[in-house]
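Data first, discussion second: the structure below is written as structure tokens.
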Amino acid sequence: RLDINYFTGAIPNVCVCSNFIEITMGSNQFTGTLPSCLSSLKQLEIVDFDNNWLTGTVPTEYSTLANVVTFVVSTNYFSGPLGNVLPKGKLSTVVISDNGFHSSLPFDVFNSSLLTTFIATKNCFEGSFSTQICQAASLRTLALSGMHMGSSCVHYSAFDAYEAEHFAGTIPHCLFSMPSVQQLFLSGNGLKGTLPNIPIDSPLQNLSLSYNLMGGTIPASIQKSPKLIILDLTFNRFMGTIGYMDNFTFNECTGNVTDS
């Protein structure tokens, strides 16, 4: 591990170390591109280049890394599409936020029953959500806020992106009934549609949908959900009455906030 230092220059040649199971070089000042030869390290389980100054694309060869469990390349200057690029097989955690990845989300990664965490906020993705996400039965955290708010593609300040339509459409209702999802962050995407009911035994603890264009009423099943700790619906177009929650602001809610 070489993380949290002041290393500069290109990523060192680690490909000669065929028995490496972890490469962690986050929070440095490495520049240049990701070495494609990492795909030759067949024992590799953890790849972490978070918070550097790296550029270019993720090499297509990385899709052959069958034993990688954790893949983190957040807070860099990467670009390009990610379809059929990410490691396959045992992937559990993917963190690719704060970059300039574009085209559509890499929905193929959600075919894995082992995926628990997918964080891809603030990139330059376009398109809409797919029900393919719901195939990841073990998914616990899904963070897709600001899909078109990466520094290389955003041309407005703060969360004004919610008026844009680069990444829009509606949220697949199946996301709200997934058996393991606890954290759902989908703010700042210009999403439309309404909120569905959630199962009475929903594990959902944090639902953040602020800065979208959603409307309708807030289902009682969400207001009364016993496990829901944080519910952020600010800057939307919701209306109606609120029975249990009192943290809704900048909407069009009417009626009294009650305790029961």
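We count residues from 1, following the sequence as given. Every value quoted in this text rests on a predicted model; they were computed, and no experiment measured them.
- For the atom pair CD1 (I11) and CG (L54), the distance works out to 4.5 Å, reported to the nearest 0.5 Å.
- Of the possible donor and acceptor atoms, one in the side chain of N99 sits under 3.5 Å from a partner among the backbone N and O of N76.
- Going from atom CG of N51 over to atom CD1 of I4 covers 9.5 Å, rounded to the nearest 0.5 Å.
- You'll find the side chain of V109 reaches within 4.5 Å of the side chain of V94, heavy atoms only.
- Annotation for P219 and N197: closest pair CB-OD1, 3.3 Å, computed over non-hydrogen atoms.
- Scanning both residues, L44 and E22, for their nearest heavy atoms gives CD1-N, 3.8 Å.
- Taken together through direct or relayed side-chain contacts under 4.5 Å among Ile, Leu, Val, Met, Phe, Trp and Tyr, L38 and V95 form parts of separate hydrophobic clusters.
- Checking side-chain atoms of D232 against main-chain N and O of L209 turns up no donor-acceptor pair under 3.5 Å.
- When each of N206, T116, L207, L204 is checked for a side-chain contact (heavy atoms from CB on, under 4.5 Å) with V181, only L204 meets the rule.
- A donor-acceptor contact shorter than 3.5 Å links the side chain of N28 to the backbone of N5.
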May I have the step-by-step check of side-chain contact (heavy atoms from CB on, under 4.5 Å) for L231 and Q223, ending in yes or no?
-> CA-CA 9 Å; L231 178 58; Q223 295 188 42; 5.8 Å; no
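- Clustering ILVMFWY residues whenever any of their side-chain heavy atoms sit less than 4.5 angstrom apart, transitively, puts L186 in the very cluster that holds F238.
- Between A137 and P179, the shortest heavy-atom distance links the atoms O-CG, 3.6 Å.
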Check the pair I133, F107 against side-chain contact (heavy atoms from CB on, under 4.5 Å), reporting the backbone distance first and the verdict last.
-> CA-CA 7 Å; I133 295 176; F107 290 114; 3.9 Å; yes
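- Using a 30° and 60° split on the angle between ring planes, H173 and F176 fall in the perpendicular class, above 60°.
- A heavy-atom distance below 4.5 Å is found between the side chains of S225 and I198.
- Checking side-chain atoms of S92 against main-chain N and O of T117 turns up no donor-acceptor pair under 3.5 Å.
- Placement of Y77 and M25 in two distinct hydrophobic clusters is found when ILVMFWY residues are connected by side-chain heavy-atom separations under 4.5 Å, directly or transitively.
- At least one donor-acceptor pair closer than 3.5 Å links the side chain of N123 to the backbone N or O of F101.
- Taking both residues in full, the closest heavy atoms of P81 and V85 are given as O-CG2, 4.2 Å, listed atom of the first, atom of the second, then distance.
- Rounded to the nearest 0.5 angstrom, L233 CG and S208 OG are separated by 8.5 Å.
- Under a 3.5 Å cut-off, the side chain of N189 and the backbone N or O of L144 do form a donor-acceptor pair.
- The closest donor-acceptor contact from the side chain of D48 to the backbone of T70 lies at 3.5 Å or more, if one exists at all.
- Atom CG in L41 sits 9.0 Å away from atom CG in N19 (nearest 0.5 Å).
- Screening T55, L34, D98 against F78 for a side-chain contact (heavy atoms from CB on, under 4.5 Å) leaves a single residue, L34.
- A 4.5 Å side-chain heavy-atom check between N84 and S63 finds every atom pair outside the cut-off.
- A heavy-atom distance below 4.5 Å is found between the side chains of P106 and F118.
- Formation of a donor-acceptor pair under 3.5 Å by the S180 side chain with backbone atoms of R140 is not found in this model.
- Residues Q29 and Y6 have side chains in contact (heavy-atom distance under 4.5 Å, counting atoms from C-beta outward).
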Yes or no on side-chain hydrogen bond (donor to acceptor under 3.5 Å, both in side chains) for Q132 and N111, after CA distance, side-chain angles and deciding distance?
-> CA-CA 7 Å; Q132 193 170 356; N111 293 330; 3.1 Å; yes
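- The two residues K42 and N67 make their nearest non-hydrogen contact at O-ND2, 2.8 Å.
- Between atom CG of residue L115 and atom CG of residue L91 there is a gap of 6.0 Å, rounded to the nearest 0.5 Å.
- Side-chain N or O atoms of H102 include none that pairs as donor or acceptor with a backbone N or O of F125 at under 3.5 Å.
- Residues M178 and L142 have side chains not in contact (no heavy-atom distance under 4.5 Å, counting atoms from C-beta outward).
- Using modelled atom types, no side-chain atom of S187 and backbone atom of S145 make a donor-acceptor pair closer than 3.5 Å.
- For the pair H148 and C153, the minimum side-chain heavy-atom distance is below 4.5 Å.
- Considering all non-hydrogen atoms of both residues, K227 and P203 come closest at CD-CA, 4.0 Å.
- No path of Ile, Leu, Val, Met, Phe, Trp and Tyr side chains, each step under 4.5 Å between heavy atoms, connects F110 with F185, placing them in separate hydrophobic clusters.
- Between F71 and Y62, the ring planes lie perpendicular to each other; the angle is over 60°, past the 30° to 60° tilted range.
- For D108 and K88, the salt-bridge test passes: some basic side-chain N is under 4.0 Å from an acidic carboxylate O.
- Here OG of S130 is found 9.5 Å from CG of L105. Values are rounded to the nearest 0.5 Å.
- The shortest side-chain heavy-atom distance between I23 and F49 falls under the 4.5 Å cut-off.
- Residues V69 and I46 do not share a hydrophobic cluster, clusters being chains of Ile/Leu/Val/Met/Phe/Trp/Tyr side chains in contact below 4.5 Å.
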Passes side-chain contact (heavy atoms from CB on, under 4.5 Å), C134 versus L175? Steps please.
-> CA-CA 6 Å; C134 301; L175 281 182; 4.0 Å; yes
